[in-house]
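What follows is a short report on a single structure.
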Amino acid sequence: MRRLGRAGVALGVAIALGAVCAGDAARLAPPAVAQPSFTPGAPGVGDRYLPEAGNGGYDVHHYDLQLRYDPGSGQLDGHEVITAVATQNLSRFDLDFGRLAISALTVNGTGARWSKAGQELVITPSAGLRTGRRFSVDVRYAGQPGTGPDAKTVDTGFIRSRTGAVAVDEPTGAEDWYPVNDHPRDKASYTFAITVPAGVTAVANGVLEGTQATGNNETTWRWHEDAPMASYLATVAIGRYRVQTGPGNLFIAVADTLPPAKVDAVLARTPEIVQFLAGMFGPFPFDSLGGIVPAEPRITYALETQTRPVYGSTFFDRDNATTVLAHELTHQWFGDSVSLHDWRDIWLNEGFATYGQWMWDEHTGQGSMRDHFEEYYGKTDVWDPPPGDPGPDKLFAPSVYVRGAMTLQALRMTVGDATFFRILRAWADGHRYGTGTTSEFIDLAARLGGGSVRGLLNTWLYSPGRPPHP
Ligand code: TRP
Ligand code: ZN
């Protein structure tokens, strides 16, 4: 307002002077200052696979989430404050939000109109939001989010069990439990204040600032993740957990019903695995570290939630359980620090994480990189769909993981070890805390590894069927 106000005054004075000189009374009329036009923000960020995910017209800087959760009833009460900057003159804008009930919503402290259309929460502030200006959205909401304890299977989102809950949100589950610009293209910092019954642990991403007893036989757990984080990597895990802490803001939480010798002992190797990976990929990007193992048999997968992956407890029935840690911890560089600009490029997450996993396997005597490559090269079922464009329904197809990792190994066999690891480190370093695309990766690999690499990567990423042996 101030900048435009001053320009308006200057313009008025200039016209007044001109009018006096010309002696033309008609020109003494107040000048018409052009009003900027305000238009709605787009209902999607423009992702090729998930066109509705995220929204346009603004950039979120911070999510402040104050949550109260009652494991007994499954009731979540949320109070969120979003700080964002408009990237166009906005007449209205969308957030992505599921089916929890909103009780109050303000923009810049003033009541705003809002409505729901599917996953879109459409917000019309009382005045237009000017491009480049910071604004805040304050939302209060409540209800029982996501998948309840009686569901036979779990999908993604906020998963409630009888004794707690855990949020695992890839690719668009975050909107299950907080209003969000739900796309990794809009990363933001987070603070969490989670109030739970006394004796219950509430874990989130980043650094634990402290816990505080409320008057009501409850405890509030405060966490902050200062590094930019994609929405699907935000998590909360609530329940009865055993906790291991250590240097570097290490915080590991294992559900107290799981066997310590099988689970806690494996999780305790997190810093060692990170150190091994940092030797290849460059410094660990975040200022805290850990892991979460909920007692939820329906979670049969793991997710690279930033700083603190969530692991399904069934992984720890196996002998080589550290392999899944290596996968999720590799994602901290590839997926979390360097995030997807577009979901079509999912191999930049899963191919790289599988590669790191195989490197750890080699390091621990569970088969060399070459062995992994040759074993899969002999198979017929790991080739399609090509990992560079698997299609929206096959984001997590085995070929994205396996052929994605083999793509990197084919690159390594072509350019040699020194250049290969220079490329990986340059990728992690050049896109740290941001996003990257496959074409940016191919450009980087061709710059450092020579022009022939371009054809090799295009074939490995985009051609159907088995590529020629490198
Ligand atoms: N990205 C996960 C991995 O490490 C797999 C995954 C895909 C996932 N979608 C998910 C995990 C949803 C939990 C929830 O391979
Ligand atoms: Zn993965």
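All ligand and atom numbering here is 1-based and tracks the order in the structure.
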Would you say Tyr232 touches ligand 1, if touching means a heavy atom closer than 4.0 Å?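 In this structure, Tyr232 fails to qualify as a contact of ligand 1 - no heavy atom is under 4.0 Å.
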Nearest protein heavy atom with distance in Å, relative to [atom]:
atom                    : result
atom 5 (C) of ligand 1  : Tyr401 OH, 3.4 Å
atom 14 (C) of ligand 1 : Tyr301 CE1, 3.6 Å
atom 6 (C) of ligand 1  : Glu170 OE1, 3.4 Å

Number the atoms of ligand 1 from 1 as they appear, then name those within less than 4.0 Å of a heavy atom of [X], with their elements.
X      : answer
Glu304 : 1 (N), 2 (C), 3 (C), 4 (O)
Thr156 : 12 (C), 14 (C)
His327 : 3 (C), 4 (O), 15 (O)
Glu350 : 1 (N), 2 (C), 3 (C), 15 (O)

Supply the atom-to-atom distance His327 NE2 to Phe352 CZ, rounded to the nearest 0.5 angstrom.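 Rounded to the nearest 0.5 Å, the NE2-CZ separation comes out at 12.5 Å.
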Separation of Ile292 CD1 from Thr235 OG1 (nearest 0.5 Å):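 It is 5.0 Å, given to the nearest 0.5 Å.
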Check this for me, if you would: do Glu80 and Arg140 make a salt bridge, where the nitrogen-to-carboxylate-oxygen distance has to be below 4.0 angstrom?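 Salt bridge: no.
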Does Ala302 approach ligand 1 within less than 4.0 angstrom via side chain, backbone, both or neither, non-hydrogen atoms only?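 For Ala302, the contact with ligand 1 is made by the backbone alone.
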Given side chain to side chain contact (heavy atoms under 4.5 Å, CB included), test Trp383 with Tyr377 step by step and report yes or no. CA-CA 9 Å; Trp383 304 107; Tyr377 197 81; 3.7 Å; yes
State whether the number of non-hydrogen atoms from other residues, nucleotides or ligands found under 6.0 Å of Arg240 atom CZ is greater than 12.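 Counting other residues, nucleotides and ligands, CZ of Arg240 stays at 12 neighbours or fewer.
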Main chain of Leu67, side chain of Tyr178: is a donor-acceptor contact present, judged purely on distance under 3.5 Å?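 No, Tyr178 side chain to Leu67 backbone: no donor-acceptor pair under 3.5 Å.
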To make sure I understand the geometry: which N, O or S atom in Glu350 is closest to the Zn ion (ligand 2)?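 Atom name returned: OE1.
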Specify the closest pair of heavy atoms between Trp343 and Leu50, including all atoms of both residues, with the distance to one decimal.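 In terms of heavy atoms, the two residues are closest at CD1-CD1, 3.5 Å.
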